[in-house]
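Values below: all heavy atoms of this structure, side chains included; hydrogens, waters and symmetry mates excluded. Convention: sequence-line order gives letters A, B, ...; per-chain numbering from 1.
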Number of protein chains: 2
Amino acid sequence: MNKAAQVPVVFIGVGNVGRTLLRQILDVRSAMAGKTGLLLSPVGVADTSGILYNADGLTDRQLQAILRTRFRGNKVGSLPGAQRKRVLDDVLDDGVLLVDLTATEESMPILELGLKHRCGIVLANKKPVAAKWEIAKSFFDSPIIRYEATVGAGLPVISTLKYLRETGDRVTAIEGCLSGTLGYLCAEIERGSAYSAAVRDAKSLGYTEPDPRDDLSGQDVARKALILARTAGWQLEPSAIDVEPMYPESLSGIGVEEFMNSIPRLDSVYEAENKQAQSKEQVLRYIARVTPKGGKVGLTAMPRDSAWGALRGSGNYIAFHTARYDAIPLVVSGPGAGAEVTAAGVLGDIIQLAEYFRVKYEKRG
Amino acid sequence: MNKAAQVPVVFIGVGNVGRTLLRQILDVRSAMAGKTGLLLSPVGVADTSGILYNADGLTDRQLQAILRTRFRGNKVGSLPGAQRKRVLDDVLDDGVLLVDLTATEESMPILELGLKHRCGIVLANKKPVAAKWEIAKSFFDSPIIRYEATVGAGLPVISTLKYLRETGDRVTAIEGCLSGTLGYLCAEIERGSAYSAAVRDAKSLGYTEPDPRDDLSGQDVARKALILARTAGWQLEPSAIDVEPMYPESLSGIGVEEFMNSIPRLDSVYEAENKQAQSKEQVLRYIARVTPKGGKVGLTAMPRDSAWGALRGSGNYIAFHTARYDAIPLVVSGPGAGAEVTAAGVLGDIIQLAEYFRVKYEKRG
């Protein structure tokens, strides 16, 4: 057999998902090389602390060190602009796969540089695709940009939406439960837990961000809804998604501890909402709904004997209503968070882009 | 813009799905050519009545005639073997996409010839991939063979399974409701209809084959379960799937009319089964389950408040249990039959293979 062609991969951000992804790549790459002739080859790792780069591929020793410990690169991030750009210019070449595993807007300049150099771009980071349309538009409808893991983690959500459009279907509405954290919260309230106890438990289990309001605000769900809408071809602005948070405006300007101490007063509100739903054979779910005209994200009562009612705990659920899937929608569901499944979603994108750039890699040998 | 490269497509079998597919291709192809530089071009149509072929692409007049009427080709099917092979040798060339829309084993020789000539193969036909492993094995694990529409019609089932494997997940079990017809039957029995009335209604609505036993036998579901198992990497024989039909053995040797007249005597059996399930807060579903060791297909009582219970009418439901999707499976569900969604599943495969052969088409211009 011929030697496999090298597929250069650069990581931006190396936390839990990044290390999991690296391990998954090392697990699958020899089988993949045998089958496809393409060898995934991590060549660079960068974060705010700096950059580690080796054009021939990071050595086993370097890779193992990254897997074992938190990555610390050289202080490229603090280099003067011109020098930093020169380092990146060496790294970011035609066909290099640039994988953004951060959750920040700060990677935008690197991504834009990557696009200019015809890199492939894989995003787990929602920010670039959920920004104002003016900024985000360059990330849509490009064959060299993928972002499956931004919605539903490893669930085939974005790929399904693209398939529907490519085959000429017309998407009319997308509905879903897009937050494992808020799904857990709804399930706890449904089985009689107090709102404040459910939030406290979710926080201590690590299901929420350090400030639970980052989840309770619904903003992360709104970003996912926006990404779905834009993938469906609807050029909506973030302001077109109406967001109903799971805490009142009055508790937004205070510290985390004060917030946690204040929320028992909300228990009766959610208890009443839950009781009312139950009296109608309904359950509370935090639901996102988008159409070509805009979207809405918030707590909604749904029939108990529906698929929404059957949804358990932190599961995600995404329903596509289309011209062809009209009376009954096409649905993808399952766990929508966690390092393993998020990394798998990213890896799926990497494998697809590697195929897309195949000829380029084979020419280089 | 450069002229788009021609992607030659040959149809085998042109019934309802074939005409729908042809219309879908004509609907999407100019947008696709603009975006990807690849122009889907139907060059041939063949069935048992003969073959219509034009290397430069069938003319608009020819295409419209196929859309309007039932296709009748020249009697290539009845040509002596040597002549027939010569005609096919002209048609079946490297990179030609051969689309099997039949439901028969008779297309196997053409498919094998296609494989020999490095054609891309797209199957809506389950028979080749559900045959004995000795025969079927050449259709698995090849990058130039696709068969998404064989299970769940247009639902992304096969692609999801391939994605799970490619990213290094380990599938442990696959469960599903894979028959819209049997789903309809279960739903009717659940809401109190007699078995015989439900079968009669399904037959008159065209949900069943002319002989309803073709559906009630469970053989079609067993074939789908086998295709899923093999795609998961389990090289099972058809005999490894244990099938429990929805009628007794004693009614298998008789004519259709006699069968229809005999089934009222089964009403009490299914009524009792349904009542027993209901007394336990369960519902009857016709479920397929496969693992690396084999499979089982048959009527099963499932919890009413589960996703199985929430399944309505003819919807399909496919759950993948894997190392990563362990506590909660990854699920794809929705309508799993109908010409529009079946054709869309086939078209999705065609688009993917067109990308795979891109360089070949571009060289030819």
Q) Any ion pair linking A/Asp27 and A/Arg23 (charged N to carboxylate O, less than 4.0 Å)? A) yes

Q) What residue in B/Gly334, B/Ala323, B/Ala310 has the most heavy-atom pairs under 4.5 Å with chain A? A) B/Ala310

Q.
I'd like to know which of A/Gly168, A/Pro335, A/Gly348 tops the heavy-atom pair count under 4.5 Å against chain B.
A. A/Pro335

Q.
Need one label for A/Val359: side chain, backbone, both or neither, based on atoms under 4.5 Å from any heavy atom in chain B.
A. side chain

Q: May I ask you to decide whether A/Arg285 forms a salt bridge with A/Glu175, counting only side-chain N to carboxylate O separations under 4.0 Å?
A: no

Q. Could you walk me through whether B/Trp308 and B/Ile287 pass the side chain to side chain contact (heavy atoms under 4.5 Å, CB included) check?
A. CA-CA 9 Å; B/Trp308 303 96; B/Ile287 288 178; 3.7 Å; yes

Q) Relative to chain A, which segment of B/Asp305 carries a heavy atom at a distance below 4.5 Å: side chain, backbone, both, or neither? A) both

Q | Residue B/Ile351 versus chain A: region with a heavy atom under 4.5 Å | A | side chain

Q) Is the closest side-chain heavy-atom distance between B/Lys360 and B/Lys363 below 4.5 Å? A) no

Q. Looking at B/Thr36, B/Asn316, B/Leu155, B/Leu311, which one has more heavy-atom pairs under 4.5 Å with chain A than the rest?
A. B/Leu155

(Q) So which residue, B/Val341, B/Thr322, B/Val346, ends up with the most heavy-atom pairs under 4.5 Å with chain A? (A) B/Val341

Q) So which part of A/Glu340 gets closer than 4.5 Å to some heavy atom of chain B, the side chain, the backbone, both or neither? A) both

Q.
If you count heavy-atom pairs within less than 4.5 Å of chain A, which of B/Gln352, B/Arg312, B/Arg358, B/Glu355 leads?
A. B/Arg312

Q: Would you mind checking which part of B/Val331 comes under 4.5 Å of any heavy atom in chain A, side chain (CB onward), backbone (N, CA, C, O), both or neither?
A: both

Q: Pick one of side chain, backbone, both or neither for A/Ser333, based on which atoms fall under 4.5 Å of a heavy atom in chain B.
A: both

